[in-house]
Amino acid sequence: MAINWKEETMQQGAKTVSMRHLYLYTHLLLDEAGRQGRKVRLEWANIETAAIGPDPKNPAGLLMKLPHMASVGTEGDATLLRALVSHEVLCHGHHTDFSVMPDKGIGGVLENVLEDPRGELLALARYPGSKKVIREGIEVLVDRGVFAGPKADEQLHPAEILTSWLVTELRSELLGQSCLEAFSRDYRKLAIQTFGSRLTAAVKSEALKATAAPTTADVQVHSRKILELLKMAKENPPPQQQPQSGQSGQPDKADAGQGAGNSSDPSQGGNPGDKPGKADGAPQPGKKGRAGKGDQPGDQPGDPAKGGFEPNQGDLAKAIEQVLKASKEDAGTYGKGLEDHLVEGSEAMATGGGMSHTHEMGVASRPQRDSEENRTAMRAGARAITAALGLKIEELLESRALVHRRRSTEGRIRPGRVWRLVQGDTEIFQKRSLQEELDTCVMVLDDESGSMNEPFGDMRREDAASRVCVGAGEVLNNAEVPFALVGYNTSLHQYKGFDDSWAETLKDFGPHSASSTNTHLAVVWALRELINRKERRKILKVVTDGDPGDQTVLAAAIEEAKAFGVEVRFVLISSREEYKYRSMGVPYGVANDAPELANAVFASLEAAFA
């Protein structure tokens, strides 16, 4: 009977599965981050937000903790996750000094508000792409309403006004996150109305120094100076402007564009919206004429956003007192770290939206046979059904015409030839020093669930599957292709890792059926292992008679893996579950007896190597 080897693309599946596999995507991102800098280890924890710090198991590495989240999420969730990893690893992981303990209360909030843009600016030097990644995450936060401007007639705590203005203005000006620009103008207006032009400008000047600080300790120094500026303003308020007739404390039209609010020196009350280094009166983009007389929203005569405005002394003292006594909660939404916002904005994190949550599939201890007789028996059984097919594959591998190869040097020195040859000559090696290897690795997942004990022609399903896996292993081993062999049911049995001896593996490997099938979790675990491999092609072969499990999670994981060069192929024992795999649009073959099973496995190998 001919094998029906399916090479279907995502048809129905493409229409129904548009979710990203966030759990696997996180490992892919951290693997990439580890290759670019410090190695990052991941832990899922019952926490509300992300955290990163030194790894106690690896002093040279980092430990990133993430809250549990749904296995799959939308493209927006993936964007937030990408921004979260970039911010935590490249900003804090590479540039934050975790030995500096933040101050309590509003002091610690200000430190975090200033440390975030500082770290992102430092990351740009080595990782310029991080700017775009984090900006896209901010845009999702704006779209989802996590970041927003002040509401009309809303009474905000002075500490919340201060942090909201600093975050939106520093990010929009220094990091190019233009989606926050309108919010920045509105919060700047509130800041000047609350603290006055001179104090607002002085705080902005100190904040800019913090974002350019060389260390986290220096950020703390500038944060404390901001609090000192507030204390000094409370004790020594600036001289009050005399209100003009009918304006009750507001500067008139002539004063609005002059005086303290028009100076390029922030310490003299320059407009906090002016870019650093801009000369007094220089035309600004989008403005007409002198600074302060532009056409931005809210820039009307007598508007505090124009500069040159100082509040009533009693109101100023009260506002500053509230800031100095403020708690983290008083600082409002923008007083949190960016990692808090990125987690809060993700629909897949924390609650998980009712879908499967991220967790590792456990690796159980493998059955111990450790028998030379077992190895002999397994090889004999494999030869009985795979000999002809094995020869076909070996001939295919020998041609290697269309396969990418890599070159390597190896071998022991030939002492008798060293003195006669020029240093560096490859003939000093006993073995060929330059050899061609298939730049491919393979992992085989073998179903070991209880249903594999059912009859399959003249043998059991588990016997047929184990013999075919051994046959495939023999061919891969002879071709020097790195491969791994793992059994699974509700847990995993790792018989052979990529670097383990095949001969030793055969002492222990054999039929072992029990419990139920968790195919989707086993595939996710295998894909996570494969993403760390350096080979050009990475192939996962799954031999199973069972249900695929959570089809949405499985299909999303397979789609996620494609972008990283991992090819997944299923070999189904019987057609009982075929309709489920067909609906996902994944490549699969179906076998109804042992010879067909062998044919399906080797046909998938042939398709993979050709």
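Atoms considered below: every heavy atom in the structure, side chains included; atoms not considered: hydrogens, waters and symmetry mates. As the structure is a computational prediction, the values presented were derived from the model and not from experiment.
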For this session: I would like to know whether K131 and E120 meet salt bridge (charged side-chain N to carboxylate O under 4.0 Å, His left out); could you show each step before the answer?
Result: CA-CA 7 Å; K131 181 178 181 179; E120 290 176 29; over 6 Å; no
Problem set entry | Minimal non-hydrogen separation, T490 against S515, with atom names | CG2-OG, 3.1 Å
Exercise. Is the shortest side-chain N to carboxylate O distance from D77 to R144 below 4.0 Å?
Worked result: yes
Exercise. Hey, do the aromatic rings of H94 and Y127 have their centres closer than 6.0 Å?
Worked result: yes
Problem set entry | E454 bridged to R460 by N-O distance under 4.0 Å | no
Problem set entry | Salt-bridge criterion met for E567 and R537 (N-O under 4.0 Å) | yes
Exercise. Is there a donor-acceptor contact under 3.5 Å linking the side chains of E448 and Y488?
Worked result: no
Problem set entry | Any donor-acceptor N/O pair, N489 side chain to A514 backbone, under 3.5 Å | yes
Exercise. Between T544 (side chain) and G546 (backbone), is there a donor-acceptor pair under 3.5 Å?
Worked result: yes
For this session: Return yes if some donor-acceptor pair links the side-chain N/O of K580 with the main-chain N/O of D547 below 3.5 Å, else return no.
Result: no
Exercise. Are the charged groups of R41 and E43 less than 4.0 angstrom apart, N to O?
Worked result: yes
Problem set entry | Check ion pair E504-K507 (N to O, under 4.0 angstrom) | yes
Problem set entry | Salt-bridge criterion met for E136 and R82 (N-O under 4.0 Å) | yes
